[in-house]
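Mind looking over this structure? Questions follow.
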There are 2 protein chains.
Amino acid sequence: MAGSVLLPKPCLMRLPHYYRRLLQAMHEGQSIISSEELGEEAGVPAAQARKDLSYLGEFGRPGVGYDVYELAAHLEKVLGLNEPKKAILIGVGNLGRALASYPGFARYRLQIAAAFDVDPSKIGQRIGSIPVLPLEELETFIRQKDVRMAILAVPAPQAQSIADRLSAAGIRLIWNFAPVSLRVPEGVKVFNEDLAARLATLSFYLVQHSS
Amino acid sequence: MAGSVLLPKPCLMRLPHYYRRLLQAMHEGQSIISSEELGEEAGVPAAQARKDLSYLGEFGRPGVGYDVYELAAHLEKVLGLNEPKKAILIGVGNLGRALASYPGFARYRLQIAAAFDVDPSKIGQRIGSIPVLPLEELETFIRQKDVRMAILAVPAPQAQSIADRLSAAGIRLIWNFAPVSLRVPEGVKVFNEDLAARLATLSFYLVQHSS
DNA sequence: TAGATTGTTAATCGATTAACAATC
DNA sequence: TAGATTGTTAATCGATTAACAATC
């Protein structure tokens with residue numbers, strides 16, 4: 001294992017926000033930052049920010065604050081933001097296309113090596129520099145390029161069968177945008193970005209607060 | 001207030017998954033379902049599913065299970081899935097376009113009344129049936145159509161100033177896809193769909209489990 | 001030194017889970 | 001009746017927050 005830092009999940013979710021605040025501080029030429037300022041960005045009290053950062057080691061100086069560059073560098077290391085991360089994209093619909101060209105991804109060194117689709121009219125196209133390959137080549141590609149991560153943006157009915165193929169071919173992490181719960185074997189991690197489910201919870205708040 | 005059901009947030013997040021399982025049950029002609037089956041879909045134990053549902057009232061029959069149709073109907077009501085939900089979309093880039101044509105939204109009765117952009121070449125276009133209007137007309141449109149919800153899919157640097165305008169014009173709920181923390185006045189709720197931040201946490205797991 | 005801010009402990013809060021009487 | 005499954009209580013677990021000695 002690389003760096004066996006074990007973090008509470010809510011803490012991990014906040015680290016990118018602290019990091020973003022650090023980038024802003026750098027941009028503004030600020031070299032020291034307080035837990036108060038970091039917490040504000042993540043929407044938590046200063047004590048929470050300090051506790052979160054304390055999981056990573058001791059970086060702050062009492063009475064002073066945190067060194068912006070030092071902390072940013074450490075967060076980059078812990079989150080692996082500087083490591084190139086190879087991934088493939090499955091499903092070149094509207095959402096798949098949008099993800100393939102999402103500018104935020106390259107900044108964190110996500111490299112989408114190829115996209116896959118069943119539609120013959122899409123095969124051979126390029127989205128930016130990403131080639132669209134036929135779904136039949138999925139397994140070969142994964143094995144040859146040793147890809148560990150897949151972004152799944154196919155329609156719900158196809159998602160499970162593709163997830164099966166991905167798992168069997170050696171994918172360890174599936175970022176799933178299809179509105180379904182996937183079953184995957186031990187050792188494969190699924191992260192769901194379920195926009196339909198999210199909409200349903202938004203709906204609750206909308207209806208709740210209306211008249 | 002409409003239906004003042006107060007729910008723990010994690011519970012609310014699971015309700016759409018229970019609902020989805022109920023739809024599947026209907027599709028398969030199953031008329032009774034157990035907390036075990038519902039929990040499985042959401043990835044939680046049966047006891048959790050029962051506890052979640054108990055916040056909504058008593059729907060199950062001991063020794064039998066839950067009536068699929070009755071429970072589905074109640075979840076629809078609580079989540080407001082049958083209420084039409086008017087929204088506007090701001091930002092007609094790749095992601096905005098994908099959201100405008102996302103098929104899962106219409107199913108939960110989200111109606112995107114209009115999209116807005118600054119780019120003159122986009123104005124006057126239609127995405128499906130959704131017209132693209134100039135950003136100048138934002139406030140007028142919101143007030144005239146009494147829109148409460150906005151989907152924000154503009155580049156990060158523009159997000160805060162648009163959020164200010166949305167809040168001032170009467171928007172109560174912002175579904176924010178820009179990778180920034182928005183500051184909004186009391187009474188406006190923001191839900192973040194921060195793909196860049198999410199990628200950073202995925203990155204953590206990838207690096208963690210590699211070699 | 002006086003003022004500021006950290007790292008950490010202990011108290012609080014809230015969600016999850018196990019267990020079981022009540023019910024079909 | 002015997003077997004199944006609910007609704008709910010109580011125990012457990014984990015995260016958040018307050019408070020403060022230690023440090024600059």
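Chain identifiers are assigned alphabetically (A, B, ...) following the order of the sequence lines, protein sequences preceding nucleic acid strands; residue numbering begins at 1 within each chain.
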* To do: For B:Arg61, report the nucleic acid contact type (base, sugar-phosphate, nothing); a contact means any heavy atom under 4.0 Å.
  =>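 Counting heavy atoms under 4.0 Å across all strands, the contact made by B:Arg61 is with sugar-phosphate only.
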
* Considering only C:dA15, D:dT17, C:dT6, which nucleotide approaches the side chain of A:Gln48 most closely? ->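 Within the option list, the nearest is D:dT17.
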
* Salt-bridge test for B:Glu41 and B:Arg20: reply yes if a basic N is under 4.0 Å from a carboxylate O, no otherwise. => no

* For A:Ile32 and C:dT6, what is the distance between atoms CD1 and C1' respectively, to the nearest whole Å? -> 12 Å

* Which listed nucleotide (D:dT6, C:dT6, D:dT16) is nearest to the side chain of A:Pro10? ->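 Looking only at heavy atoms from C-beta outward on A:Pro10, the closest nucleotide is D:dT16.
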
* Asked: Is any side-chain N or O of A:Tyr66 closer than 4.0 Å to OP1 or OP2 of C:dA4?
  ->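 No, because none of the side-chain N or O atoms of A:Tyr66 sits under 4.0 Å from OP1 or OP2 of C:dA4.
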
* Phosphate contact (D:dT5 OP1 or OP2) by B:Ser35 side-chain N/O below 4.0 Å ->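 Checking B:Ser35 against D:dT5: no side-chain N or O falls below 4.0 Å of OP1 or OP2.
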
* Please say whether more than 12 non-hydrogen atoms of neighbouring residues, nucleotides or ligands are located less than 6.0 Å from NZ in A:Lys77. =>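 Check fails, neighbour count at 12 or below.
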
* Check every atom of C:dA18, C:dT6, D:dT6 against the side chain of B:Ala47 and return the nucleotide holding the closest atom. =>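 Nearest listed nucleotide: C:dA18.
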
* **Protein-nucleotide distance (B:Tyr55, atom OH; C:dG14, atom P), rounded to Å** => 11 Å

* Asked: Which residue, B:Ile33 or A:Gly63, contacts DNA chain D at a nucleotide closer to its 5' end, judged by nearest heavy atom?
  -> B:Ile33

* To do: Name the orientation class of the two ring planes belonging to A:His74 and A:Phe59 (parallel below 30°, tilted from 30 to 60°, perpendicular beyond 60°).
  =>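 If you compare the ring of A:His74 with that of A:Phe59, the planes turn out tilted.
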
* Asked: Counting only side-chain N and O atoms of B:Arg14, is one of them less than 4.0 Å from OP1 or OP2 of C:dT16?
  ->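 Yes, within the criterion.
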
* Within the structure, does a side-chain N or O atom of B:Ser34 lie under 4.0 Å from either OP1 or OP2 of D:dT5? ->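 False: B:Ser34 side-chain N/O out of range (4.0 Å or more) of D:dT5 OP1/OP2.
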
* Residue whose closest nucleotide on DNA chain D lies nearer the 5' end, B:Gly65 versus A:Asp52 ->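 Closer to the 5' end of DNA chain D: B:Gly65.
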
* Would you find a donor on one side and an acceptor on the other, under 3.5 Å apart, between the side chain of A:Ser203 and the backbone of B:Leu79? ->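 Side chain of A:Ser203 to backbone of B:Leu79, a donor-acceptor pair under 3.5 Å: yes, one is there.
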
* Classify the angle between the aromatic ring planes of A:Phe141 and A:Phe116 as parallel (below 30°), tilted (30 to 60°) or perpendicular (above 60°). => perpendicular

* **Lys/Arg N to Asp/Glu carboxylate O, A:Glu76 vs A:Arg109, below 4.0 Å** => no

* Mind checking who D:dA10 pairs with, Watson-Crick or G-U wobble, both distances under 3.5 Å? -> C:dT17

* Structure fact -> Here the distance between atom P of C:dT16 and atom CE of B:Met13, to the nearest Å, is 11 Å

* Across all strands shown, which nucleotide pairs with D:dA22 by Watson-Crick or G-U wobble geometry, both distances under 3.5 Å? ->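 Because both required distances fall under 3.5 Å, D:dA22 counts as paired with C:dT5.
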
* Roughly, in whole Å, what's the span from CG in B:Leu12 to P in C:dG14? ->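 B:Leu12 atom CG is separated from C:dG14 atom P by 17 Å.
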
* How close or far is atom C1' of C:dA18 from atom CD of B:Glu36, stated in whole angstroms? ->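 One finds 14 Å between C1' of C:dA18 and CD of B:Glu36, rounded.
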
* Take atom CG of B:Asp67 and atom C1' of D:dT6, then tell me their distance rounded to the nearest Å. => 14 Å

* Taking for each residue the nucleotide of DNA chain C bearing the nearest heavy atom, is the 5' side occupied by A:Lys51 or by A:Val64? -> A:Val64

* Can you tell me the distance, in whole Å, between the CZ atom of A:Arg50 and the C1' atom of C:dT8? =>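 My rounded result for the distance is 9 Å.
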
* Mind calculating the distance between CG (A:Leu53) and P (C:dT6) to the nearest angstrom? => 9 Å

* To do: Return the nearest nucleotide to the side chain of B:Pro62; candidates are D:dT23, C:dG7, D:dT6.
  => D:dT6

